[in-house]
There are 2 protein chains.
Amino acid sequence: MQNEQPFQRLQVELERMIAKKGAGAKLPSEPALAKSLGVSRSTLREAMRTFEVQGLIRRRQGQGTFVVGKQKTFEGGLEVLESIETLSERIGLNVSMGEFDIKRFPVSEENRNLVPFPLKTTLIQIERTINTEERPIAYLVDILPVTILDEKDLQNGFDGSVLDWLLKRGDPVLSQSNTRIDSVEASSEIAHKLQIQRGAALLFFESDVYDTSNQIVTHSYSYFLPGYFDFHIVRQVAKKYFK
Amino acid sequence: MQNEQPFQRLQVELERMIAKKGAGAKLPSEPALAKSLGVSRSTLREAMRTFEVQGLIRRRQGQGTFVVGKQKTFEGGLEVLESIETLSERIGLNVSMGEFDIKRFPVSEENRNLVPFPLKTTLIQIERTINTEERPIAYLVDILPVTILDEKDLQNGFDGSVLDWLLKRGDPVLSQSNTRIDSVEASSEIAHKLQIQRGAALLFFESDVYDTSNQIVTHSYSYFLPGYFDFHIVRQVAKKYFK
DNA sequence: TACCATTAATTGTCTGACAATTAATGGTAT
DNA sequence: ATACCATTAATTGTCAGACAATTAATGGTA
């Protein structure tokens, strides 16, 4: 076990409690809650505050604390960094790895604008398609330094997902990614790999993944056939703290 | 002034302080910080905790708290609910409203699956294109009940954005939206409005906007010409609380 | 009925204390 | 000199208790 601090337990118990109550429901008073959860009021308030800034509850001095009951951000939308394989599994899509190709090349003067790694870094590029029973539905390209992952690593239980593999190894510790979203028309090369017509519309993600010390780990391009994935995102009104 | 509670001020001051320090920097100890910011340690810790769950800082018992220095989520990505007009302005794109059309229709048996409003609700549908100097770059459709907004409202300072207009009116109080992201090929109708070829790839958003009591306010479709907008999103590794 | 002071309930903040954890320090045996 | 270990200082984690500020309800009064 890693964390048995009261706060951690509190966080999950409180979240469950909030989820169980419907929108608008009133929570017990802080002294009462603290007692029933077996923590001090200060600790309870730290947890409450985190839920408040997330907008899950609303506290009013003199009245009490109420459940706002909005959709949680971290619940399966695009806000979570997860692999296509994991995502597919979660939504019940049965996928397998299709065509698979690995290249090795250094960062040169010609391609340095295309990849966010220093000059002369040796990179490894992993291309693959994701298939359902019937057809390929995505084409993914991951680019990362060989110092992080090389060809022989790929034999140890590699199932197609670089992200999953890195998460499993736990080194480097990944923390977040920055993903650009756009729409593109399939080039003839990609059209061939996905067995579609050249010029067909594809959903396109360009993504940089960072580790906990904010170092870039991988750069990747993803092309998705429209309609097969349910990418969605919860967006918040900018004004975070209102009363 | 709305909020002069110490916590609110703390939140912004602390954020500034964290932003100023580089990644890996160590913050002063809690007692010292609390004193220098003029609040109690408890209050400081509430604020710290919110930054910790956001992953901006990392605290280690016995050592101190350190700046992680990751990109803030709320800083201009897709996580913020804002209008295309506001977004365009922020990224320095000069846009104006192009073609504009309003329809009125009730929810019937035929269309009830297309809109998330109860049967027989009278809806108003606002279509418009967004233009730069040279060309149209987006086509937007908003659908909402007339009880929320009707034709005559649209004369009071309506600049094209339903979202901005509702935010300005402040009633209902908007809180968040749920947006589905996909890629589509332009229908002949939309191709005509955007002056592109039929079948060209478009970035497509389908979005529901909710108010603070979680009632749906508007349903909208947005079609964007690829390349003109920089939609991006920061994604987090699922494991929120690590140590 | 309308208005107003009182009161109970609740969140907001503060103070002071102690426990738990970590890294540094310095001593001791090899 | 080196390796190991106990001690200590610094820091975060948690707790208990108190009081202030705010709100809604209560009940009295004109």
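Remember, it's a predicted structure, so these values are computed and weren't measured experimentally.
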Report task. Tell me, please, which residues at least two apart from R104(B) pass side-chain hydrogen bond (donor to acceptor under 3.5 Å, both in side chains). Result ->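 side-chain hydrogen bond (donor to acceptor under 3.5 Å, both in side chains) check on R104(B) returns E151(B).
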
Requested in this report: Can you sort out the partners of E13(A) under side-chain hydrogen bond (donor to acceptor under 3.5 Å, both in side chains), two or more places apart, ordered by chain and number?
Outcome: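 Scan of E13(A) (side-chain hydrogen bond (donor to acceptor under 3.5 Å, both in side chains), adjacent residues dropped) gives R9(A).
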
[N] OP1/OP2 closer than 4.0 Å to side-chain N/O of [X]:
{"X": "R59(A)", "N": "dG12(C)", "value": "yes"}
{"X": "T65(A)", "N": "dT11(C)", "value": "yes"}
{"X": "R60(A)", "N": "dT22(D)", "value": "no"}
{"X": "R49(A)", "N": "dT13(C)", "value": "yes"}

Query - Basic-acidic side-chain contact under 4.0 Å: R180(A), D208(A) - result: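 The answer is no: the pair does not qualify as a salt bridge.
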
Query raised in the report: If you measure from the Lys or Arg side-chain nitrogens to the Asp or Glu carboxylate oxygens, is any gap between R49(A) and E52(A) under 4.0 Å?
Result: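 Looking at E52(A) together with R49(A), the answer is yes, because their closest N to O distance falls below 4.0 Å.
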
Please report the distance, rounded to the nearest Å, between [atom1] in [X] and [atom2] in [N].
{"X": "Q61(A)", "N": "dT23(D)", "atom1": "CD", "atom2": "P", "answer": "7 Å"}
{"X": "Q11(A)", "N": "dT14(D)", "atom1": "CD", "atom2": "P", "answer": "11 Å"}
{"X": "K26(A)", "N": "dA25(D)", "atom1": "NZ", "atom2": "C1'", "answer": "12 Å"}

Query raised in the report: Want to settle it: does E46(A) or Q63(A) sit nearer the 5' end of DNA chain D, counting the closest nucleotide to each?
Result: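 Comparing both residues, the 5'-ward one is E46(A).
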
Report task. For D211(A), enumerate each residue passing the salt bridge (Lys or Arg N to Asp or Glu O under 4.0 Å) test, keeping only those at least two apart in sequence or located in another chain. Result ->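 With neighbours one apart ignored, the set is empty.
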
Report task. Please collect all side-chain hydrogen bond (donor to acceptor under 3.5 Å, both in side chains) contacts where either partner lies in residues 115-126 of chain A, sequence neighbours excluded, each pair once. Result ->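 For residues 115-126 of chain A, and leaving out neighbouring residues, the side-chain hydrogen bond (donor to acceptor under 3.5 Å, both in side chains) pairs sorted by first residue read Q125(A)-E127(A).
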
Apply ring pair (Phe, Tyr, Trp, His ring centres under 6.0 Å) to [X] and list each qualifying residue two or more places apart in sequence or on a separate chain.
{"X": "F204(A)", "value": "Y223(A)"}
{"X": "F66(A)", "value": "none"}
{"X": "Y221(A)", "value": "H219(A)"}

Query raised in the report: For residues 28-43 of chain B, which residues have at least one heavy atom under 4.0 Å from DNA chain C?
Result: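 By residue number: G38(B), V39(B), S40(B), R41(B), S42(B), T43(B).
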
Query raised in the report: Pairing of DNA chain D as dot-bracket, 5' to 3': ( ) intra-strand, [ ] crossing, | other strand, . unpaired, with Watson-Crick or G-U pairs under 3.5 Å?
Result: ||||||||||||||||||||||||||||||

